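In this text, all values refer to a predicted model and were calculated from it rather than measured experimentally.
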Amino acid sequence: MRTHRTVTKLMADAQRAGRCAYSRNEAEQAALRRRAKVGDFTRVYPGIPSLYAETMYWNGLKPPERTMHIARTLAQAHRTWVFGGLVAAVAYGFEHQWCLHDGSVTIATSDHGTHRPDCHLKRVYVPKTATTRIEHEETGLFLLPPAMTLLDCAGSHEFRFALPFFDSAFAKGTTAEDVLDALGRMHADPRSALRLLRHVNAKSENGGNRWHAER
């Protein structure tokens with residue numbers, strides 16, 4: 001009964017903070033798993049640690065909100081992680097298609113070390129990550145800068161999905177010079193980014209639809 005009360009409090013506290021629930025206590029983690037087996041909770045991230053959310057609450061969240069819940073929780077568990085990809089894009093308010101949210105997050109790494117393949121935790125190589133990161137005031141997360149986030153999205157998604165990120169970011173003040181500078185610092189493959197720079201339109205309301213119209 002005590003563990004049940006503790007897990008209920010873990011979940012309530014997490015929801016108030018816009019996070020998921022987890023525990024490094026094995027008994028509490030086992031209780032979370034049991035509640036997930038009967039459908040009360042949903043395991044929303046199977047990594048380390050595994051993250052859980054109340055099923056009805058989770059089903060009521062929009063895809064970007066789900067991604068941010070996962071990111072806030074992982075940031076609490078791994079305090080030095082620097083997020084890129086969809087996490088950073090959502091934090092910066094870059095428009096994109098919600099179908100891209102698949103429960104995964106991207107973090108920046110400053111080494112080319114061997115990492116176990118993980119479809120839920122993706123990594124992007126960024127030299128000197130610790131000095132490049134931005135502490136985002138609104139979310140409290142460490143993020144890649146906007147231009148590096150665009151390069152990450154350009155390398156991770158098809159052109160038709162990546163273009164809205166660029167259109168929205170440029171409407172918010174990112175420039176081609178910012179992206180080209182980030183290319184040099186990330187050592188990223190320039191082909192996708194350069195193609196996107198040729199098509200970016202800060203005045204576009206929907207980059208994806210515009211791309212289809214130009215095909």
key: Atom pair CD1/OG1 of Ile107 and Thr129 - distance to nearest 0.5 Å   = 9.5 Å
Under 3.5 Å: donor-acceptor pair, side chain of His120, backbone of Val44 = no
ask   = Angle class for the His96/His101 ring planes (parallel below 30°, perpendicular above 60°, tilted otherwise)?
value = tilted
key: Within the 6.0 Å centroid threshold, strictly below: Tyr92 and His136   = yes
request  = Would you please test Gln97 and Arg160 for side-chain contact (heavy atoms from CB on, under 4.5 Å) and show each step?
outcome  = CA-CA 10 Å; Gln97 297 187 38; Arg160 63 193 176 101; 5.5 Å; no
query = Which distance, rounded to the nearest 0.5 Å, do you find between the CG of Leu141 and the CD of Gln76?
reply = 11.5 Å
inquiry  = If only side-chain N and O atoms count, and only distance matters, is there a donor-acceptor pair under 3.5 Å linking Glu95 with Ser168?
reply    = no
query = Is the closest basic N to carboxylate O distance between Glu26 and Arg33 below 4.0 Å?
reply = yes
Gap separating the OG atom of Ser50 from the CG atom of Leu32, nearest 0.5 angstrom = 9.5 Å
ask   = Heavy atoms, side chains only, cut-off 4.5 Å: are Thr55 and Asp40 in contact?
value = no
message = Within the 4.5 Å heavy-atom criterion, are Pro63 and Met68 side-chain neighbours or not?
response = no
Side chain proximity check, Thr106 to Asp152, heavy atoms < 4.5 angstrom = yes
task = Decide side-chain contact (heavy atoms from CB on, under 4.5 Å) for Leu74 and Leu51; before the verdict, give the C-alpha distance in whole Å, the side-chain angles of both, and the deciding distance to 0.1 Å.
result = CA-CA 9 Å; Leu74 292 175; Leu51 310 183; 4.0 Å; yes
inquiry  = Quick check: do Val7 and Tyr52 have side-chain heavy atoms less than 4.5 Å from each other?
reply    = no
ask   = Do Thr73 and Ile70 touch side chain to side chain, with heavy atoms closer than 4.5 Å?
value = no
inquiry  = Donor-acceptor check, side chain of Asp167 to backbone of Asn201, threshold 3.5 angstrom: yes or no?
reply    = yes
message = I need the Leu180 CG to Leu194 CG distance, nearest 0.5 Å.
response = 6.5 Å
inquiry  = Which heavy atom of Thr149 sits nearest to which heavy atom of Gly85, and what is that distance?
reply    = CG2-O, 3.7 Å
key: Contact check, side chains of Leu144 and Leu151, non-hydrogen atoms, under 4.5 Å   = no
ask   = Between Arg16 and Met11, is there a donor-acceptor pair closer than 3.5 Å when you use the side chain of the first and the backbone of the second?
value = no
key: Sidechain-backbone polar pair: Arg66 side chain, Trp58 backbone, donor-acceptor under 3.5 Å   = yes
query = Rounded to the nearest 0.5 Å, how far apart are CZ of Arg5 and CG of Leu10?
reply = 13.0 Å
key: Value rounded to 0.5 Å, distance of OG in Ser192 from CG in Leu197   = 11.0 Å
request  = Take the angle between the ring planes of Phe83 and Trp81 and call it parallel below 30°, perpendicular above 60°, tilted in between.
outcome  = perpendicular
inquiry  = I'd like to know if the side chain of Arg72 reaches the main chain of Gly18, judged simply by a donor and an acceptor atom lying under 3.5 Å from each other, with no hydrogens or angles considered.
reply    = yes
task = Search all heavy atoms of Gly103 against all heavy atoms of Tyr45 and return the closest pair with its distance.
result = O-CD1, 3.9 Å
key: Sub-4.5 Å side-chain heavy-atom contact between Val179 and Thr174   = yes
remark   = Nearest heavy-atom approach of Val126 to Met148 is CG1-SD, 3.9 Å
key: Distance-only donor-acceptor check, side chains Asn25 and Ser23, under 3.5 Å   = no
Test log, rule side-chain contact (heavy atoms from CB on, under 4.5 Å), inputs Cys99 and Phe161 = CA-CA 10 Å; Cys99 64; Phe161 293 123; 3.9 Å; yes
task = Would you name the heavy atoms of Gly173 and Asp178 that are closest together and state the gap between them?
result = O-OD2, 4.2 Å
message = For a quick test of reading the model, state the closest non-hydrogen atom pair linking Leu183 to Pro190 and the distance between them.
response = CD2-CA, 3.8 Å
request  = Establish, yes or no, whether the cationic atom of Arg195 lies under 6.0 Å from the six-membered ring centre of Phe159 and within 45° of the ring axis.
outcome  = yes
query = So, for Arg123 and Thr109, which heavy atoms are closest and what is the spacing to 0.1 Å?
reply = CB-CG2, 4.0 Å
key: Close side-chain approach of Met186 and Tyr125, heavy atoms under 4.5 Å   = no
request  = Please report the C-alpha distance between His199 and Phe166 in whole Å, then the side-chain angles of each, then the deciding distance to 0.1 Å, and finally whether the side-chain contact (heavy atoms from CB on, under 4.5 Å) criterion is met.
outcome  = CA-CA 9 Å; His199 290 83; Phe166 274 69; over 6 Å; no
inquiry  = For His69 and Tyr57, which I'm curious about, is there any donor-acceptor pair between the side chains at under 3.5 Å?
reply    = yes
